[in-house]
Amino acid sequence: MTPVALHQIALERDALRAALLGWYDAQARTLPWRAPPGTNTRTNPYRVWLSEVMLQQTTVPHATPYFLGFTERWPTVGDLAAVADADLMAAWAGLGYYARARNLLACARAVAGQHGGVFPDTEAGLLALPGVGAYTAAAVAAIAFDREANVVDGNVERVVSRLFAVETLLPASRPELRALAGSLVTANRPGDWAQALMDLGATVCRPRSPACLLCPVSEWCAAYRSGQPERYPLKTKKADRPRRFGTAWVLRDGAGRVALVQRPDKGLLGGMMGLPTSDWTTTIPDATTPDAAPPVAADWRDAGAIDHVFTHFALTLSVQAAEGHGDFVWTPEAEALKALPTVFRKALQKAK
Ligand code: SF4
């Protein structure tokens, strides 16, 4: 490319950036973990980190009460580091993706134990913390420390794929989208830039019906010019989610308590409290299914079935209910309904 063409691209980029940052200054969403535009250096890294971990695979409205609850109970990373694993898991219940909760605790303990309670202020330093991946490191570096980091989440991928009308299909296009997003990052307000792109993706450049007429960067958007913005990002068709089957047993003691077990540390919902269940298998359980027998002998009645969708599979659980006794963690039912992962709450409610 000639120096003149490169100069032209830089001018276009600067104009696009100015338009989006100006829009962000006026329209930024007010979020409890966010400092207003232009005040990045005062953003608390603990709050930014916590919010970013909670927001992975979770919507803002769903994550917000958890964020407020966590920061009220544990106002600093040192407070969070001191929490018992089981208390943290119970507080996380309902947010899903429970590996994140274990990573959260590992990271908090590393920051408290090895960094004097102070988060590293570079992307590389953050990435070295346990349980912190490339996205979280970039987001915290940019938002909390105003570092020139390339923060690419699903919203940003969508916006960039439209701005540049990327014809490569996701997920193969990820490196290309990342490079294009990186080409827009500069040392000028990188924290606000990251959040501006996220806000644009969340409120204007939505997956369906993008509001192009309200968009501050439509002038530079190739997808808008094409007349088919919704066509992007192009995606490889997903295979249908497989389904698994299992049984959940709701055993009550007649005194308002329900039998719970701690799930193995490894695997889905690892380390969480849950109802006793059979293995979850790809065929409907029968006598040959591993662990298909109830956890104790009792007068079990069929309470119906519930469905739940995890990232990689859908689950149908047959729910069996009985009164009885045995070697379990007996927990008041009201407490269990608050603290259990959603799939078990559904099963418990089904057996009412
Ligand atoms: Fe998205 Fe439309 Fe804006 Fe392009 S013009 S970035 S498609 S909202």
Side-chain angles (χ1 to χ4, degrees), residues 1 5-31 34 36-38 40 52 55-63 134-135 138-139 142-143 148-238:
M1 216 176 281
L6 281 174
H7 181 64
Q8 187 58 34
I9 288 173
L11 283 181
E12 294 275 320
R13 182 195 67 188
D14 290 348
L16 180 158
R17 283 180 46 89
L20 184 55
L21 284 168
W23 172 83
Y24 181 68
D25 287 340
Q27 306 280 344
R29 288 177 295 172
T30 302
L31 301 170
R34 179 181 271 183
N40 274 325
E52 287 299 337
L55 285 168
Q56 287 163 32
Q57 319 277 352
T58 306
T59 61
V60 166
H62 188 62
Y135 169 77
I143 298 169
E148 200 175 325
N150 187 18
V151 185
V152 185
D153 66 359
N155 278 330
V156 175
E157 281 183 350
R158 183 171 61 258
V159 174
V160 169
S161 75
R162 289 174 175 172
L163 278 175
F164 295 93
V166 173
E167 294 292 333
T168 319
L169 306 187
L170 271 171
S173 59
R174 288 230 154 89
E176 187 180 346
L177 295 175
R178 164 167 290 280
L180 288 168
S183 74
L184 297 173
V185 176
T186 76
N188 177 29
R189 301 178 62 187
D192 282 346
W193 174 254
Q195 294 176 96
L197 262 186
M198 290 176 187
D199 277 19
L200 187 75
T203 62
V204 176
C205 195
R206 303 172 298 233
R208 298 227 177 87
S209 312
C212 299
L213 294 177
L214 301 176
C215 178
V217 294
S218 58
E219 190 180 323
W220 296 273
C221 180
Y224 178 54
R225 279 198 300 274
S226 79
Q228 291 182 290
E230 237 181 283
R231 193 172 151 251
Y232 302 91
L234 275 63
K235 293 181 185 166
T236 312
K237 198 175 174 310
K238 264 194 195 157

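We count ligands from 1, going down the list as the structure has it; atoms in each ligand are counted the same way.
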Counting C-beta onward and ignoring hydrogens, is there a side-chain heavy-atom pair between Glu12 and Glu219 closer than 4.5 Å? no
Please tell me if the side chains of Pro233 and Val166 come closer than 4.5 Å, counting only heavy atoms from C-beta onward. no
Is any protein N, O or S atom closer than 2.8 Å to atom 3 (Fe) of ligand 1, and if so, which? Cys215 SG
Report yes if the side chains of Phe164 and Leu184 come closer than 4.5 Å at any heavy-atom pair, otherwise no. yes
Sub-4.5 Å side-chain heavy-atom contact between Arg13 and Ser183: no
Polar side chain donor-acceptor pair, Thr186 to Arg17, under 3.5 angstrom: yes
Do Arg231 and Ser226 come within less than 4.5 Å of each other through their side chains, counting heavy atoms only? no
